[in-house]
Every structure is written in C-alpha cells, then in structure tokens.
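What you see is a predicted model, and the numbers here were worked out from it, not measured in a lab.
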Amino acid sequence: QVQLVESGGGLVQAGGSLRLSCAASGNISRINAMGWYRQAPGKQRELVAAIYDDGHTNYADSVKGRFIISRGNAKNVVYLEMSSLKPEDTADYYCAADNRYLYHANLVDFWGKGTLVTVSS
C-alpha cells in the first residue's frame, strides 16, 4: 500500500500564496503519477494538477498560470505552489498517486487525507 501525507494547508487572504506538500511512502515503486485534487463543499472532487514520471504536467483550466506542480529530488515528494489565490480556491486539497494516470477521481489508486485551504475575501 501507499500512504500519502499532505501538509501546508491553512488560511490565506485573497491574492496570497500557499505551498502544499505531499510525501508518499510504502510500496511506491510503481507510482507513475502524483498530483492534487480538490473538493469544495457540495461540489465534485476535481483534478487540480498532476505530474508524471516523464515530467509531463497538466492543470485544471481554473488554475493555469496561478498554480505550479513540481517534484522534489525524490520521486515520492510533490509540491503545489499556489499563488494569486481566490476565494473560489477554498477547498479540501487531496494528494493523489496512481500507478498509471490521474484522471477521474474515482479511478485514483491512492489518496491522502486532505488538507484544508481557506482563502478569505
């Protein structure tokens, strides 16, 4: 099994920045993709950003130009640098890992417990 632990969530003012971190441990040898989803109350869990072993990244249209996903020197660490934050970014942010793709949320292999990001007006 793979364990994912997020950190870095908190309260930030609109226009501010926040950096999320995720560390994967356990049976991580087969992980091909790591990334972030978010879920606001009453809404579907949506993919925010993903990064693959080959370096490819993809972002939700709503965060392009504002968020950057990156990996540490170790494959099992991923970051989400969020800037120009908006109140609509408020959500629980979940780290995700998959042996193949990060696509639909219901197909993700491994989840973290989530970290809350609150952006005040």
Side-chain angles (χ1 to χ4, degrees):
Q1 293 296 309
V2 172
Q3 296 80 46
L4 303 173
V5 179
E6 306 101 330
S7 62
L11 175 65
V12 64
Q13 294 184 34
S17 299
L18 204 62
R19 175 174 158 136
L20 305 182
S21 300
C22 176
S25 61
N27 188 18
I28 63 173
S29 62
R30 294 174 60 199
I31 291 175
N32 184 53
M34 293 185 67
W36 297 89
Y37 289 71
R38 68 185 181 187
Q39 187 167 22
K43 295 187 177 181
Q44 298 291 316
R45 188 170 297 190
E46 64 175 354
L47 178 65
V48 177
I51 187 165
Y52 290 81
D53 278 354
D54 64 3
H56 176 260
T57 60
N58 63 277
Y59 297 89
D61 288 341
S62 59
V63 307
K64 286 181 179 177
R66 299 190 298 120
F67 292 10
I68 298 174
I69 190 168
S70 62
R71 294 178 296 191
N73 290 332
K75 177 183 175 181
N76 63 319
V77 180
V78 66
Y79 305 98
L80 186 68
E81 189 74 29
M82 304 181 292
S83 61
S84 301
L85 282 161
K86 305 174 181 179
E88 49 263 46
D89 294 317
T90 296
D92 286 312
Y93 283 71
Y94 297 90
C95 184
D98 200 272
N99 294 328
R100 293 175 292 177
Y101 317 104
L102 290 176
Y103 192 49
H104 292 123
N106 61 1
L107 300 177
V108 171
D109 290 334
F110 308 106
W111 291 104
K113 292 183 178 180
T115 185
L116 178 63
V117 173
T118 303
V119 183
S120 62
S121 300

Counting N and O atoms only, with roles assigned by atom type, does the side chain of Asp109 sit under 3.5 Å from a partner on the main chain of Ala97, one being a donor and the other an acceptor? no

Heavy-atom count around Asn106 CG within 6.0 Å, excluding the residue itself: above 12? yes

Applying disulfide bond (SG atoms under 2.5 Å apart), which residue pairs with at least one partner in residues 25-67 are found, sequence neighbours left out? none

Side chain to side chain donor-acceptor pair (under 3.5 Å) pairs, two or more places apart, involving residues 26-37: none

Using side-chain contact (heavy atoms from CB on, under 4.5 Å) as the criterion, list what pairs up with Gln13, not counting sequence neighbours. Ser120

For residues 23-61, which residue pairs qualify under disulfide bond (SG atoms under 2.5 Å apart), counting only residues two or more places apart or in two chains? none

Which salt bridge (charged side-chain N to carboxylate O under 4.0 Å, His left out) pairs, counting each pair once, include a residue from residues 2-17, with sequence neighbours left out? none

Show every disulfide bond (SG atoms under 2.5 Å apart) that has at least one partner inside residues 15-121, sequence neighbours left out. Cys22-Cys95

Just grab all the ring pair (Phe, Tyr, Trp, His ring centres under 6.0 Å) pairs involving residues 40-70, residues at least two apart or on different chains. Tyr52-His56

Nearest heavy-atom contact between Ala96 and Val108 is CB-CG1, 3.7 Å

Taking transitive links into account, so neighbours of neighbours count too, which hydrophobic residues share a cluster with Leu107 at under 4.5 Å side-chain distance? none

For Asp61, which residues count as a side-chain contact (heavy atoms from CB on, under 4.5 Å) partner, sequence neighbours excluded? Lys64

Counting only pairs under 3.5 Å, give me each side-chain donor-acceptor contact of residues 79-94, with atom names and distances, residues two or more places apart or in other chains.
| residue | atom | partner | partner atom | Å |
| --- | --- | --- | --- | --- |
| Ser83 | OG | Arg66 | O | 2.7 |
| Asp89 | OD1 | Arg38 | NH1 | 2.9 |
| Asp89 | OD1 | Arg66 | NH2 | 3.0 |
| Asp89 | OD2 | Arg66 | NH1 | 2.7 |
| Asp89 | OD2 | Arg66 | NH2 | 3.4 |
| Asp89 | OD2 | Lys86 | N | 2.8 |
| Thr90 | OG1 | Pro87 | O | 2.9 |
| Thr90 | OG1 | Val119 | N | 2.9 |
| Thr90 | OG1 | Val119 | O | 3.4 |
| Tyr93 | OH | Arg38 | NH1 | 2.9 |
| Tyr93 | OH | Asp89 | O | 2.6 |

